[in-house]
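Working notes, structure below.
Computed from a predicted model, the values in this text were never measured in an experiment. The analysis underlying the following values was restricted to heavy atoms, covering all of them including side chains, and did not include hydrogens, waters or symmetry mates. FYI, the numbering just counts along the sequence from 1.
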Amino acid sequence: MPVPPTAPRSGATPRRCRRSRTLGFAALAVSLLMAVPTAQTAFGEEARDSREIQAVPGGGDLGPNVHVFDPSTPGIQGKVDEIFKKQESAQFGLDRHALLFKPGTYDDINAQIGFYTSIAGLGLHPNDTTFNGDVTVDAGWFDGNATQNFWRSAENLTLNPVNGTNRWAVSQAAPFRRMHVKGGLNLAPDGYGWASGGYIADSKIDGTVGPYSQQQWYTRDSSVGGWTNGVWNMTFSGVEGAPANSFPEPPYTTLDTTPISREKPFLYLDGDDYKVFVPQKRENARGVSWANGTPPGESIPLDQFYVVKEGADAATINAAVEQGLHLLFTPGVYHIDETITIDRPDTVALGIGLATIIPDNGVTAIKVGDVDGVKLAGLLVDAGPVNSETLIEVGPENASADHAANPTSLQDVFVRIGGAGPGKATTSIVVNSDDVIIDHTWVWRADHGEGWGWETNRADYGVRVNGDDVLATGLFVEHFNKYDVEWYGERGRTIFFQNEKAYDAPNQEAIQNGDTKGYAAYRVDDSVEQHEGWGMGSYCYYNVDPTIIQEHGFKAPVKPGVKFHHLIVVSLGGNGQFEHVINDIGAPTSGTETVPSQVVNFP
């Protein structure tokens with residue numbers, strides 16, 4: 001079992017929403033200027049003077065950063081290698097790429113995937129696009145250490161690995177979705193160096209999954225031929241072939257089903273026409289959604305999307321939503337000076353190639369109204385240099401509509417504060433609406449790169465949940481100055497939580513929370529009557545002042561309806577110490593080595 005690296009890695013008050021007026025799709029073809037209602041900030045407050053904006057067309061090409069291949073395309077391996085060479089170590093670079101493969105069979109492919117690169121098949125079913133080869137992530141660029149292999153993805157492909165096992169050695173923000181591996185899957189880098197991932201969903205691995213050095217991992221609604229080991233926290237929900245529930249030795253948290261899930265929307269080809277498939281919600285799901293063919297869902301033609309390309313501004317994006325268009329963000333970096341507001345039910349806002357949104361002037365990047373069925377997916381929100389009170393808001397303050405039948409979802413929606421340059425945000429994500437699904441998010445205050453430091457990239461709070469009946473599946477939140485997660489809504493549930501407290505705290509006083517030593521990584525408010533969590537871990541690595549004491553990783557009211565299963569806290573290399581796991585329960589971590597401490601159940 002490897003030890004962790006000795007070098008670190010890694011709220012505003014919302015307003016009541018106003019539903020936007022939806023125009024008929026016939027209006028999309030209008031070539032005359034149309035009057036767009038006065039632009040709005042969060043849910044109804046005027047942001048700027050009204051202006052005339054030309055009708056936004058739907059559809060069109062996917063832009064220069066989307067690379068589309070078919071089996072007859074010459075030089076596929078050379079093109080894939082060229083992109084990987086640019087992206088292999090470009091951790092905070094500006095290039096974004098999507099590699100899309102039309103249905104068919106591709107021989108002798110080894111697609112190495114670097115930063116800000118997505119690879120995906122364009123079939124409606126994963127088996128429509130087959131590689132006799134591999135989709136590989138390794139860590140040669142970082143001397144065999146995979147703990148910084150972030151921001152990349154693989155989706156909707158079938159692999160026949162050359163040597164029988166595919167390597168996907170990643171850490172946070174690197175989803176492996178809707179994949180079929182006809183062999184094994186190795187989640188560790190060559191040489192079994194450190195790794196700190198990761199996430200698999202809706203995937204079938206015929207052989208054995210070997211996490212080896214992976215410190216934690218979450219797998220949802222999938223099928224595996226076997227699972228070999230685990231370091232601290234391996235969590236499964238709805239996974240056929242998952243190991244039996246057993247904690248802490250081995251550290252397996254296994255739920256037979258996932259209570260609520262809806263797979264991420266994806267781009268595909270119907271003949272020569274691009275469409276986006278939006279899967280339906282599943283309840284008590286187990287196994288892949290595509291086992292018996294195409295799952296239930298809706299196909300939306302590309303001409304019903306505004307295809308957003310680099311250079312697009314928020315005013316045009318908002319005008320497209322007002323017209324009734326969905327949003328497809330192509331790979332690129334988008335600087336905005338006003339909030340992207342989505343008040344129309346069932347709107348899809350899908351990014352490919354790690355499309356990145358940066359609010360330059362302190363606005364909130366994205367606000368979603370208290371409406372049914374909005375799908376945010378595949379987006380990275382990068383805080384700008386002017387402090388934003390929030391970066392993503394779902395629903396206005398005191399949202400109360402029932403969305404149980406058709407919830408809003410956030411899937412592969414990532415947030416970054418600092419790292420690529422100075423960035424600040426008081427609270428990263430605020431969820432006010434009920435019934436929201438948060439399915440795989442990494443909310444990260446940077447601990448390396450550029451523009452980081454205790455005050456340089458100040459970000460007090462990571463995720464705040466005010467809505468009721470919110471479910472988080474795969475919640476990664478790290479390094480915030482105060483609370484990483486705060487939960488005020490009733491009947492919240494979290495399946496898998498991964499956290500590291502802020503490395504760069506200068507001293508004990510800087511993290512002091514009244515009479516409490518430090519802010520909990522995950523806090524449930526005292527007012528909450530019902531809450532439940534499974535497979536949750538918090539780690540400390542106070543390398544600036546190793547004498548810092550963190551009173552506990554978790555804090556929650558002691559009530560019959562508040563329950564936690566398989567909690568763990570870890571002191572990495574003895575840099576800092578947890579006194580308890582949750583409240584005043586659990587043994588302390590101590591010593592100079594990596595020391596885990598666990599409590600099986602609470603209360």
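By the 4.5 Å heavy-atom criterion applied to side chains, Leu475 and Thr441 are counted as neighbours. Using a 4.5 Å heavy-atom threshold, the side chains of Val181 and Thr165 count as separate. Side-chain atoms of Lys555 and Tyr519, non-hydrogen and from C-beta on, never get closer than 4.5 Å to each other. Counting only heavy atoms from C-beta outward, the side chains of Asp469 and Glu490 never approach each other to under 4.5 Å. With contacts defined as side-chain heavy-atom distances shorter than 4.5 Å, the pair Pro211/Asn229 qualifies. In this structure the side chain of Gln172 never reaches within 4.5 angstrom of the side chain of Trp444, judged on heavy atoms. The shortest side-chain heavy-atom distance between Glu155 and Ser118 does not fall under the 4.5 Å cut-off. Tyr542 places a side-chain heavy atom less than 4.5 Å from the side chain of Ile511.
Electrostatic pairing of Lys367 and Glu393 counts as a salt bridge here, judged by a charged N lying under 4.0 Å from a carboxylate O. Salt-bridge annotation for Arg464 and Glu486: present, with a side-chain N of the basic residue lying under 4.0 Å from a carboxylate O of the acidic one. A salt bridge is absent between Asp134 and Arg167; no separation between the charged side-chain nitrogens and carboxylate oxygens falls under 4.0 Å.
Neither side chain, Ser388 nor Thr364, offers a donor N or O lying under 3.5 Å from an acceptor on the other.
Scored by the salt bridge (Lys or Arg N to Asp or Glu O under 4.0 Å) test, Asp484 finds Lys501 as partners (sequence neighbours excluded).
Cation-pi contact between Arg416 and Trp151: present, with separation from the ring centre below 6.0 Å and deviation from the ring axis of at most 45°. At least one cation-pi condition fails for Arg445 and Phe480: the charged atom is not both under 6.0 angstrom from the six-membered ring centre and inside a 45 degree cone around its axis. A cation-pi arrangement is absent between Arg220 and Tyr199 under the rule of less than 6.0 angstrom and at most 45 degrees off the ring axis.
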**Message:** With side-chain contact (heavy atoms from CB on, under 4.5 Å) as the criterion, how do Phe554 and Phe497 come out once you've worked through the C-alpha distance, each side chain's angles and the decisive distance to 0.1 Å?
**Reply:** CA-CA 11 Å; Phe554 301 85; Phe497 171 67; 3.8 Å; yes
Residues 596-603, side-chain donor-acceptor partners within the protein, below 3.5 Å, at least two apart:
residue	atom	partner	partner atom	Å
Ser597	OG	Ala587	O	2.7
Asn601	OD1	His565	ND1	3.4

